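To start, the structure itself, in structure tokens.
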Amino acid sequence: MNTLETLPVTLDDVLKAQELLEGIITKTPVESSRALGSLVGGNVFFKCENLQRAGSFKVRGAYVRMARLTDEEKKRGVVAASAGNHAQGVAVAAKSLGINARIYMPLGVALPKLAATRSHGAEVILHGHNVDEALAEAQRYANETGAVFVHPFDNVDVVAGQGTIGLEILDQIPNVDTILMGVGGGGLLAGVAVAIKARAKELGREIRVIGVQAENAAAYPPSLAADALVPLKKVTTMADGIAVGRPGQLPFSIIRELVDDVVTVSEDSLARALIFLLERAKMVVEPAGAVGVAALMDGKIENPGNTAVVLSGGNIDPMLMLKVIQRGLSAAGRFMTVRMMLDDRPGSLATIARIIAENDANVTGLDHTRLGGSISMGDVSITINLETKGHEHGEQVLGALRAEGFQPIVVH
């Protein structure tokens with residue numbers, strides 16, 4: 001195993017990055033969560049990078065990378081690619097440093113992230129259907145024009161800049177035992193691991209650093225198992241901030257040496273975590289920033305102790321939030337869509353409404369149709385959206401409907 005001193009990014013690099021960022025970034029607050037702590041049997045703290053400038057941790061690495069450019073490089077301008085957070089980080093840093101920035105974003109990028117990036121003065125070009133395609137185009141433009149390519153994670157300065165979060169966590173939570181954060185390309189996880197493991201060695205103690213990926217965008221577990229970069233054939237997740245199909249070579253070389261584990265969470269778990277953060281922590285967090293909370297709620301982390309969860313960003317599209325809320329409520333048993341076939345005669349719908357009301361559920365929507373290839377003459381299909389109080393209450397409502405001779409099918 002490599003020593004901390006021989007890795008491509010060292011504690012000294014992170015400390016120098018911290019000096020460079022003084023007065024540029026916000027030292028984001030740490031908030032405790034009694035609700036999540038009681039659930040996992042330990043103290044849980046949120047490192048609120050969702051409250052950082054531009055709404056995520058990305059400005060740290062982007063600024064460090066760009067501040068160290070030569071005057072000649074700054075004149076050539078910079079180019080980057082991102083689904084949103086790195087784009088905004090680069091745009092903010094470029095504006096602060098007086099550098100022209102051209103940023104490629106995938107087609108279909110969330111409109112708030114697109115608008116925010118442009119509002120910081122960057123030129124935005126929409127290209128490709130995912131971050132990897134946008135990255136390839138940004139690299140091509142850099143090769144063609146001489147603009148400096150600012151990679152979102154595969155760069156020493158970027159990794160060092162992200163690692164400053166680790167220094168802040170240790171300052172704010174000196175007795176931390178476990179640190180969780182999302183991982184896409186790996187820049188954040190690698191940087192924090194360098195800072196935390198080096199400081200822990202100085203203190204003579206163990207501090208675990210664990211990455212979390214969405215299970216449909218999890219390139220690190222197979223790559224770590226193979227000890228080589230294993231690209232994914234397909235990436236599908238609501239967590240666009242970590243939707244990266246191939247680990248970065250530089251972060252991977254650090255993560256395989258220092259990180260204790262990388263676990264995965266489902267889309268439903270992500271939705272439940274976002275609902276939890278909204279309801280119990282009053283925090284607006286994007287899916288990529290909530291994966292650590294999802295891992296704790298799913299019991300993926302054994303003996304977490306004093307745990308810090310990095311809420312890495314808060315840039316969520318309101319339309320996505322609407323969908324996530326509905327999915328999260330459904331996953332928690334608080335929203336249910338039921339379909340039934342009825343005899344088309346007066347009174348049937350009234351009977352169903354009575355049963356639902358008697359069992360203290362609430363109808364939020366209803367579709368009633370006599371048409372369709374699967375509907376027989378004399379029948380009617382109804383689809384009802386219901387608010388319930390959890391899985392047990394939902395089963396109570398379904399049981400009451402069945403007891404009256406109906407055959408409800410849960411659709412969603």
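Every value quoted in this text rests on a predicted model; they were computed, and no experiment measured them. The figures that follow rest on heavy atoms only: side chains count, while hydrogens, waters and symmetry mates do not.
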Test side-chain contact (heavy atoms from CB on, under 4.5 Å) on E215 and V265; report intermediate values, then the result. CA-CA 5 Å; E215 63 183 22; V265 294; over 6 Å; no
Run the side chain to side chain donor-acceptor pair (under 3.5 Å) check on T337 and N385 step by step: do they pass? CA-CA 4 Å; T337 299; N385 296 329; 2.9 Å; yes
Please check if the number of heavy atoms outside [X] that lie under 6.0 Å from its [atom1] is greater than 12.
X	atom1	result
R140	CZ	yes
E358	CD	yes
N143	CG	yes
E206	CD	no
R76	CZ	yes
E5	CD	yes
D268	CG	yes

Check this for me, if you would: do [X] and [Y] make a salt bridge, where the nitrogen-to-carboxylate-oxygen distance has to be below 4.0 angstrom?
X	Y	value
K27	D171	yes
R199	E202	yes
E168	K47	yes
E73	R68	no
E395	K389	no
R256	D227	yes
K197	D260	yes
D317	K113	no

Any side-chain to backbone donor/acceptor pair from [X] onto [Y]? Under 3.5 Å, distance only.
X	Y	answer
S330	R327	no
D177	I207	no
Q162	G61	yes
N359	I355	yes
N155	D157	yes
H120	A87	no
T307	G305	yes

The test is side-chain contact (heavy atoms from CB on, under 4.5 Å); show your working for F406 and L342 and say whether it passes. CA-CA 8 Å; F406 299 106; L342 312 177; 3.5 Å; yes
As an exercise, state the distance from [atom1] of [X] to [atom2] of [Y], rounded to the nearest 0.5 Å.
X	Y	atom1	atom2	result
T388	L398	OG1	CG	8.5 Å
F153	L250	CZ	CG	10.5 Å
L20	Y63	CG	OH	6.0 Å
E286	S312	CD	OG	6.0 Å
L311	M283	CG	CE	6.5 Å
I103	T117	CD1	OG1	5.5 Å

Could you tell me if the side chain of [Y] sits less than 4.5 Å from the side chain of [X], heavy atoms only?
X	Y	result
L296	L39	no
T10	L4	no
I316	V285	no
I179	I196	yes
I352	M340	yes
V338	L386	yes
N362	T364	yes
V78	N100	no

Would you name the heavy atoms of [X] and [Y] that are closest together and state the gap between them?
X	Y	answer
P304	T178	O-OG1, 2.8 Å
V92	A54	CG2-CB, 3.8 Å
P221	Q213	CD-OE1, 3.2 Å
V212	G292	CG2-CA, 4.1 Å
G245	V235	CA-CG2, 3.6 Å
A101	A94	CB-CB, 3.8 Å

Looking at residues at least two apart in the chain, or sitting in another chain, which of them share a side chain to side chain contact (heavy atoms under 4.5 Å, CB included) with I173?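 I173 satisfies side chain to side chain contact (heavy atoms under 4.5 Å, CB included) with V30, F45, I169, N175, V176, A308 only.
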Stepwise, does the side-chain contact (heavy atoms from CB on, under 4.5 Å) test hold for I24 with V59? CA-CA 9 Å; I24 301 297; V59 67; 5.6 Å; no
When you look at I125 and M105, which way does the side-chain contact (heavy atoms from CB on, under 4.5 Å) test go after all the steps? CA-CA 6 Å; I125 307 296; M105 304 182 82; over 6 Å; no
Go through E404 and R354 one step at a time and tell me if the salt bridge (charged side-chain N to carboxylate O under 4.0 Å, His left out) criterion holds. CA-CA 11 Å; E404 293 276 355; R354 172 183 59 79; 3.6 Å; yes
Let me see the working for E49 and S56 under side chain to side chain donor-acceptor pair (under 3.5 Å), right down to the final yes or no. CA-CA 5 Å; E49 283 294 293; S56 89; over 6 Å; no
For a side chain to side chain donor-acceptor pair (under 3.5 Å) check, start with the C-alpha distance between S269 and R272, then their side-chain angles and the critical distance, and finish with the verdict. CA-CA 5 Å; S269 294; R272 284 194 296 268; 3.1 Å; yes
Give the ring-plane orientation class for Y104 versus H127, where under 30° counts as parallel, over 60° as perpendicular and anything between as tilted.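 Aromatic pair Y104/H127 classed perpendicular.
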For the pair T26 and R53, evaluate side chain to side chain donor-acceptor pair (under 3.5 Å) and give the outcome as yes or no after the intermediate values. CA-CA 7 Å; T26 299; R53 288 188 65 184; over 6 Å; no
